[in-house]
There are 2 protein chains.
Amino acid sequence: MSSEMTACCTPLTTDPLTADQAELLSHRFKALGDPVRLRLLSLIASHQGGEACVCELTAAFQLSGPTISHHLRVLREAGLIEGQRRGTWIYYRIVPEALRSLSQALHPTAVLT
Amino acid sequence: MSSEMTACCTPLTTDPLTADQAELLSHRFKALGDPVRLRLLSLIASHQGGEACVCELTAAFQLSGPTISHHLRVLREAGLIEGQRRGTWIYYRIVPEALRSLSQALHPTAVLT
DNA sequence: GCCCTATTTTGACGACTGTCAAGATAGAGA
DNA sequence: TCTCTATCTTGACAGTCGTCAAAATAGGGC
């Protein structure tokens, strides 16, 4: 979607968000609004080589495989991670640009003029 | 809560989050996971003087007063905004430290060693 | 082709969420 | 004290979400 460029870089503290920008950003923040998904993201990002396979991620939680798969899908559809199949296993890695855009959106710059 | 210090400053990309840290962070990100709340936060932060009264915020949406009040409560209980009564009106302003801690948590530093 | 493992999809269920109308609370001013 | 306005709380309802079991898909190796 092309509105990604317009919503990615301006801190939301400097100008009021448009409804479209808010829709895009909230979709991503909603994906981060679950403790399991945050830990998945953190596990993937901090894993050796910057990627982790689903089997390793599933083993880190006391949750069923389908549940982990569901959370990975939410993160993937929010553009926060990407999956790549290599042989039998699927490896996930984060999309740094997505995290960076969210980080910048929250940057509390120039709040008091 | 005292775990706020431990969860506030380390990017989640460098070390795996603990369950407690993920719980705290996800609570805040969940509060950001709604377009109305994002726009409220943005309106408050970018408003002249860094604060806005509920009446101004309510006027910016085609939503009932109780609904806006509900969203402000979610943002308030997540520690992202603070309200202060002055006479008849209640003014909200953002809590910069909260936004900063979230921004830092997402900082995609040193993902590839 | 057939089986085995890894991962996703589907379907179901209880819990939570966003919204509104109606009622409650709290100052301001007469 | 009474009334008016601003804001919050309560209760209700439809819609979404997190979870699991069961079934489906996809490679790899025999």
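On a predicted model such as this, the values are computed, not experimentally measured, just so you know. Atoms considered below: every heavy atom in the structure, side chains included; atoms not considered: hydrogens, waters and symmetry mates. Quick note on labels: first sequence line is chain A, next is B, and so on, each numbered from 1.
- Considering Arg76(B), Glu82(B), Glu51(B) in turn, Arg76(B) is the only one that fulfils the side-chain hydrogen bond (donor to acceptor under 3.5 Å, both in side chains) rule with Tyr92(B).
- At the phosphate of dT8(C), OP1 or OP2 sits under 4.0 Å from a side-chain N or O atom of Tyr92(A).
- Between the Ser46(B) side chain and the Ser42(B) main chain, a donor and an acceptor come within less than 3.5 Å of each other.
- Put simply, the side chain of Gln104(B) never gets that close to the backbone of Ser101(B): no donor and acceptor are under 3.5 Å apart.
- Taking atom CD1 of residue Ile90(A) and atom P of nucleotide dT25(D), one finds them 15 Å apart after rounding to whole Å.
- Minimum heavy-atom separation, Phe29(B) to Leu106(A): CE2-CD1, 4.4 Å.
- How far CG of Leu17(A) is from CG of Leu43(B): 8.0 Å, rounded to the nearest 0.5 Å.
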**OP:** Treat primed atoms plus P, OP1 and OP2 as sugar-phosphate and everything else as base, then score nucleotides 25-30 of chain C 5' to 3': B for base contact with protein heavy atoms under 4.0 Å, S for sugar-phosphate contact only, - for none.
**Re:** --SS--

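- Put simply, CD on Gln84(B) is 14 Å from P on dT7(D), counting in whole angstrom units.
- Rounded to whole Å, atom C1' of dG18(C) lies 15 Å from atom CZ of Arg39(B).
- Atom CG in Leu12(A) sits 12.5 Å away from atom CZ in Arg39(B) (nearest 0.5 Å).
- Of the possible donor and acceptor atoms, none in the side chain of Ser26(B) sits under 3.5 Å from a partner among the backbone N and O of Val36(A).
- Across residues 58-82 of chain B, Pro66(B), Ser69(B), Arg73(B) each have a non-hydrogen atom less than 4.0 Å from an atom of DNA chain D (numbered order).
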**OP:** Carefully, step by step, assess Ser103(A) and Ser103(B) under the rule side chain to side chain donor-acceptor pair (under 3.5 Å).
**Re:** CA-CA 4 Å; Ser103(A) 181; Ser103(B) 180; 3.2 Å; yes

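- Following rounding to the nearest Å, Arg37(A) (CZ) and dG18(D) (P) show an atom-to-atom distance of 4 Å.
- Rounded to whole Å, the distance from CG on Leu40(B) to C1' on dT7(D) is 14 Å.
- Put simply, NE2 on His27(A) is 13 Å from C1' on dT16(D), counting in whole angstrom units.
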